[in-house]
There are 2 protein chains.
Amino acid sequence: MTEPAFFILTALVDEPRHGYGIVGEVATLSDGRVRLKIGTLYGVLDRLVGDGLVERDRDEVQQGRLRRYYRLTESGHRSLTDETERQAANARAATERLQAWRPASQGWAS
Amino acid sequence: MTEPAFFILTALVDEPRHGYGIVGEVATLSDGRVRLKIGTLYGVLDRLVGDGLVERDRDEVQQGRLRRYYRLTESGHRSLTDETERQAANARAATERLQAWRPASQGWAS
DNA sequence: GCAGGATATCTTGTGGACCGATATATTGGG
DNA sequence: CCCAATATATCGGTCCACAAGATATCCTGC
């Protein structure tokens with residue numbers, strides 16, 4: 001799973017959101033590190049809907065502007081859970097390696 | 001950073017390895033989840049060398065077969081450390097969301 | 001009243017990256 | 001002797017992220 005997809009799913013865990021709302025939520029979630037581009041958002045969103053991880057929710061019109069909401073499906077919830085564990089495992093594996101490497105022995109330039 | 005790049009760097013943390021050795025080490029590291037394709041390996045490896053995260057090491061000839069070794073640079077070590085922390089943070093953020101969502105309230109089909 | 005910025009959706013084109021397939025070469029086993 | 005495994009490298013297709021642009025409405029300032 002790509003990082004944009006991962007964050008979009010995460011942003012939809014607690015409640016349905018619309019496009020622009022997702023962009024803002026992802027920025028918050030990632031402490032400003034990930035700023036979803038608008039073109040990325042809709043492309044990824046369409047793909048997630050096609051894969052059944054996300055569903056169209058209600059459409060709202062607020063102040064004349066359309067808001068198209070999306071919600072997480074059960075399958076999307078499962079995928080996100082799996083992917084999260086996967087990434088945590090990857091990070092653990094790398095951390096172990098990086099910590100085991102300490103002996104100041106065959107370093108690149110010491 | 002892409003997942004293949006992440007695992008290649010991780011496989012090079014403890015000691016220089018050659019192409020096939022990296023493939024095997026990545027499989028071990030990831031508990032068999034990630035099986036690097038040979039086309040992916042050399043493409044990513046070249047890019048990492050170009051970016052200065054990995055360097056060519058010695059060439060060995062063992063039993064008539066060439067073994068071209070690669071090693072992690074200091075910059076590569078730093079990049080991997082950063083990326084690892086980044087992924088751990090992503091996983092933490094998602095885990096928090098997934099755990100906070102429990103109230104059995106507005107679920108998809110309950 | 002209108003220009004410009006913010007909100008909001010969606011489309012299109014480009015470049016990059018992964019991966020399957022292919023090519024080449026050597027060693028060892030049946 | 002041929003095939004599998006080891007080992008390198010290249011090429012083409014396909015998918016994906018992103019920038020840029022199109023469309024439309026509301027709000028603010030002039």
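Every chain is numbered from 1, with letters handed out A, B, ... down the list of sequences. What you see is a predicted model; the values in this text were computed from it and never measured.
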Return the value, rounded to whole Å, for the distance between atom [atom1] of [X] and atom [atom2] of [N].
X	N	atom1	atom2	answer
A:Asp46	C:dT9	CG	P	12 Å
B:Asp59	D:dA9	CG	C1'	13 Å
B:Arg17	D:dT6	CZ	P	16 Å
A:Leu41	C:dC10	CG	P	9 Å
B:Arg47	C:dG15	CZ	C1'	13 Å
A:His18	C:dT9	NE2	C1'	11 Å
A:Leu45	D:dC18	CG	C1'	16 Å
A:Arg56	C:dC10	CZ	C1'	12 Å

Matching residue for B:Pro4 among B:Val34, B:Val26, B:Thr40 - test: side-chain contact (heavy atoms from CB on, under 4.5 Å):
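It is B:Thr40; the other options fail the test.
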Determine the contact category for [X]: base if any of its heavy atoms lies under 4.0 Å from a base atom, sugar-phosphate if only primed atoms, P, OP1 or OP2 are that close, otherwise nothing.
X	answer
B:Thr40	base
B:Gly19	sugar-phosphate
A:Tyr70	sugar-phosphate

Straight-line distance of A:Gln87 CD to B:Arg86 CZ, nearest 0.5 Å
9.5 Å
Determine which pairs satisfy ring-ring contact (aromatic ring centres under 6.0 Å, His included) with at least one residue from residues 8-30 of chain A, sequence neighbours left out, and list them in order.
A:His18-A:Tyr69
Nearest of D:dA7, C:dA8, C:dA17 to any side-chain atom of A:Tyr20?
C:dA8
Is [X] close enough to [N] that one of its side-chain N or O atoms is under 4.0 Å from OP1 or OP2 there?
X	N	result
A:Arg65	D:dC27	no
A:Arg35	D:dC18	no
B:Arg67	D:dA7	yes
B:Tyr42	D:dT10	no

Between A:Gln63 and A:Glu3, which is nearer to the 5' end of DNA chain D once each is assigned its nearest nucleotide?
A:Glu3
With sequence neighbours left out, what residues match A:Arg47 under side-chain contact (heavy atoms from CB on, under 4.5 Å)?
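Partners of A:Arg47 under the side-chain contact (heavy atoms from CB on, under 4.5 Å) test: A:Thr2, A:Val44, A:Asp51.
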Between B:Ile38 and B:Val44, which has a closest nucleotide on DNA chain C that is more 5'?
B:Val44
Any chance CZ of A:Arg33 has more than 12 other-residue heavy atoms, nucleotides or ligands included, within less than 6.0 Å?
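Correct, the count exceeds 12.
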